[in-house]
There are 2 protein chains.
Amino acid sequence: MTLYEILPDLRRQSVDVRHAETGLWAASMLRERISAGQLAPGAKLSEEPLCEVLGVSRNTLREAFATLAGEHVVTRIPNRGVFVTRPTADDIREIYRVRRFLEPAALTWSTSAKTDALHAAIARGRDARSAGSVPGMASANQDFHAGVVALTGSNRLDLQMTQVLAEMRLVFHSMVANPLFHSPYIDDNDGILERFEAGERSAAAELMVDYLRRAEEQLLEAHARS
Amino acid sequence: MTLYEILPDLRRQSVDVRHAETGLWAASMLRERISAGQLAPGAKLSEEPLCEVLGVSRNTLREAFATLAGEHVVTRIPNRGVFVTRPTADDIREIYRVRRFLEPAALTWSTSAKTDALHAAIARGRDARSAGSVPGMASANQDFHAGVVALTGSNRLDLQMTQVLAEMRLVFHSMVANPLFHSPYIDDNDGILERFEAGERSAAAELMVDYLRRAEEQLLEAHARS
DNA sequence: TTCGACAAGTTGTTCAACAATCGAGCCGAA
DNA sequence: TTCGGCTCGATTGTTGAACAACTTGTCGAA
């Protein structure tokens, strides 16, 4: 399987692209493909073929690598190359460590109570479950938890959560997909939101911690298997 | 004042430097100087003179810029150049928004209770206050709050806090230094630590929120003045 | 088999060139 | 004078080629 088959024809058309964002453009291109699983965890991103496919120079590509490395999407090993990050068990633990602080904190202390996006995410999750769509459930679940952190109103925490969720996708991609993994959590989310809206914030936070612990445990177990 | 006077002779000596880290080296060089206030907020980092001073090529310098931009230490304006970030009032609010979630969360839910570093930071703060050293008090205070987040045991949250504190230093550098700003907070920190060690975690978290609100208010006021 | 020298392939870094953009200063019209 | 548009110089954005340094695998000698 050549890189061309995985990433056909990403060369940007010369029209309507601005000067001064090629590096970011290349980064977003790769980020997309990695997030979609087309570039699997562990895959090596060799400079020369990628330059060819993206239609950018090596120097520009390296700027893109620097950006992605800062997001932990990609791992740079000096003199060896750049690889799509393959999360370790420790990475999984770290991801959930972060989430167990961020999400309960958001539920407990956020001043905003705009929960429309949360309800929408839960609804989308139910629809996906009915339709039997695993990616749909996964994405809806991510939206819900991103939405919880968005309650903080902080761009930085949002960004941190976005990055952590991007790494979660890498975790999923590096393991066998279990269709049953996401489905029970939809009701968990609903319960959390219910408590939150009832003003029982610490109860909501507790449910969240409980959810996160169970999810971590399941993921670690699946990771050990793979 | 030329760049040479501000950053004399940073060119790295050819001996004992490894291949494959020049970009990171340049980034850390600049980070240091910015953190120390030698490169003030708003200062333009022109490529050519900086290449000269650092002894690296433009491409490598640009990799360093990408790194620093990811840390919000530096702001890139397309086709205009790279500048040391000059925090706005909104930035200050955002910084404290992050801190008001991170630090109370650490106090409330961290599993570690290793408070040696916190005691040490408070002691250093008292020494600095006796010695009348404003930078000493500032640095001790930062150490204390970094230490609180370190209780989470999470590298990511640590890193986030490190970045936020780096931006705090930019805030200080872009305003007139008020010698009285830091001194009262040493006792606040002591009170917080006392509650935490007594197991009264929510009380500690409340004190922390209170401290952060007061600090934010003072900084915003000082910022409006400047 | 084991070890080390060597060769090939990649990454790290530099350099020089050109394209695109910005901003200052100049000029002329109202 | 003041305003708008213009040109021009300086700086940034991007490229391609070149070379240095490192990694890996191979081959042959002991």
Side-chain angles (χ1 to χ4, degrees), chain A residues 2-4 6-7 10-30 39 42-70 73-86, chain B residues 2-4 6-7 10-30 39 42-70 73-86:
Chain A
T2 72
L3 205 51
Y4 262 120
I6 303 176
L7 305 176
L10 291 186
R11 236 186 302 267
R12 84 206 135 119
Q13 311 308 325
S14 57
V15 198
D16 93 330
V17 271
R18 295 238 276 309
H19 195 57
E21 22 192 80
T22 314
L24 294 177
W25 173 86
S28 72
M29 237 42 195
L30 292 173
L39 290 168
K44 176 163 189 185
L45 302 178
S46 297
E47 298 189 347
E48 225 173 323
L50 260 186
C51 288
E52 181 77 14
V53 173
L54 294 171
V56 302
S57 75
R58 272 183 71 211
N59 287 311
T60 303
L61 179 62
R62 292 175 121 262
E63 269 205 47
F65 282 163
T67 302
L68 294 175
V73 170
V74 125
T75 303
R76 206 166 199 166
I77 305 180
N79 296 310
R80 298 266 319 271
V82 172
F83 303 81
V84 178
T85 301
R86 191 208 302 275
Chain B
T2 73
L3 205 51
Y4 262 120
I6 302 176
L7 306 175
L10 291 185
R11 237 185 300 263
R12 83 204 137 122
Q13 311 309 324
S14 57
V15 199
D16 93 331
V17 270
R18 296 239 270 311
H19 197 53
E21 17 191 84
T22 316
L24 294 177
W25 173 86
S28 72
M29 234 48 193
L30 291 174
L39 291 168
K44 174 162 190 188
L45 303 178
S46 298
E47 299 190 346
E48 225 175 322
L50 260 185
C51 288
E52 180 77 12
V53 172
L54 293 169
V56 302
S57 75
R58 271 182 72 209
N59 288 310
T60 304
L61 179 61
R62 294 176 121 260
E63 270 203 46
F65 281 163
T67 302
L68 295 175
V73 170
V74 126
T75 302
R76 207 166 196 165
I77 304 179
N79 295 310
R80 296 268 319 268
V82 173
F83 304 80
V84 179
T85 300
R86 190 207 301 275

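All values below were derived from every heavy atom in this structure, side-chain atoms included, with hydrogens, water molecules and symmetry-related copies excluded. Each chain gets a letter, A, B and so on, in the order its sequence line appears, and its residues count up from 1.
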Contacts of B:R58 meeting side-chain hydrogen bond (donor to acceptor under 3.5 Å, both in side chains) (sequence neighbours excluded), chain-then-number -> B:E47
In whole angstroms, the gap separating C1' of D:dT15 from CZ of A:R58 amounts to 12 Å
Between CG of A:N59 and P of C:dT11 the distance, given in whole Å, is 14 Å
To the nearest angstrom, the CD-P distance between B:E21 and C:dT14 comes to 13 Å
Whole-Å distance, B:R62 CZ to C:dT14 P, equals 14 Å
Separation of C:dT13 atom P from A:E63 atom CD, nearest Å, is 14 Å
*Phosphate contact (D:dT15 OP1 or OP2) by A:T60 side-chain N/O below 4.0 Å*: yes
Ranking D:dT11, C:dT14, D:dG13 by distance to the side chain of B:K44, first place goes to D:dT11
So the salt bridge (charged side-chain N to carboxylate O under 4.0 Å, His left out) pairs with at least one residue in residues 76-85 of chain A (sequence neighbours excluded) are A:R76-B:E63
Separation between CG (A:N59) and OG1 (A:T22), nearest 0.5 Å, reads 12.0 Å
A:L61 atom CG is separated from D:dT15 atom C1', nearest whole Å, by 13 Å
Residues passing the side-chain hydrogen bond (donor to acceptor under 3.5 Å, both in side chains) test with B:S57, sequence neighbours excluded, are B:T60
Closest to the 5' end of DNA chain D, once A:P78 and A:G23 are matched to their nearest nucleotides, is A:G23
Residues at least two apart in sequence or cross-chain that pass side-chain hydrogen bond (donor to acceptor under 3.5 Å, both in side chains) with A:T67, listed by chain then number, are none
- Kindly indicate whether the side chain of A:L30, heavy atoms from C-beta on, has any atom under 4.5 Å from the side chain of A:L50. yes
B:T22 side chain near C:dT13 phosphate (N/O to OP1/OP2, under 4.0 Å): yes
To the nearest 0.5 Å, atom CG of A:L45 lies from atom OG1 of A:T75 at 10.0 Å
Whole-Å distance, B:E47 CD to C:dA20 C1', equals 14 Å
Output a table of nitrogen or oxygen pairs between the protein and nucleotides 23-25 of chain C separated by less than 3.5 Å.
from, atom 1, to, atom 2, distance (Å)
C:dG23, OP1, B:R80, NE, 2.9
C:dG23, OP1, B:R80, NH1, 2.8

Taken to the nearest whole Å, CG/A:L45 to C1'/C:dT11 is 14 Å
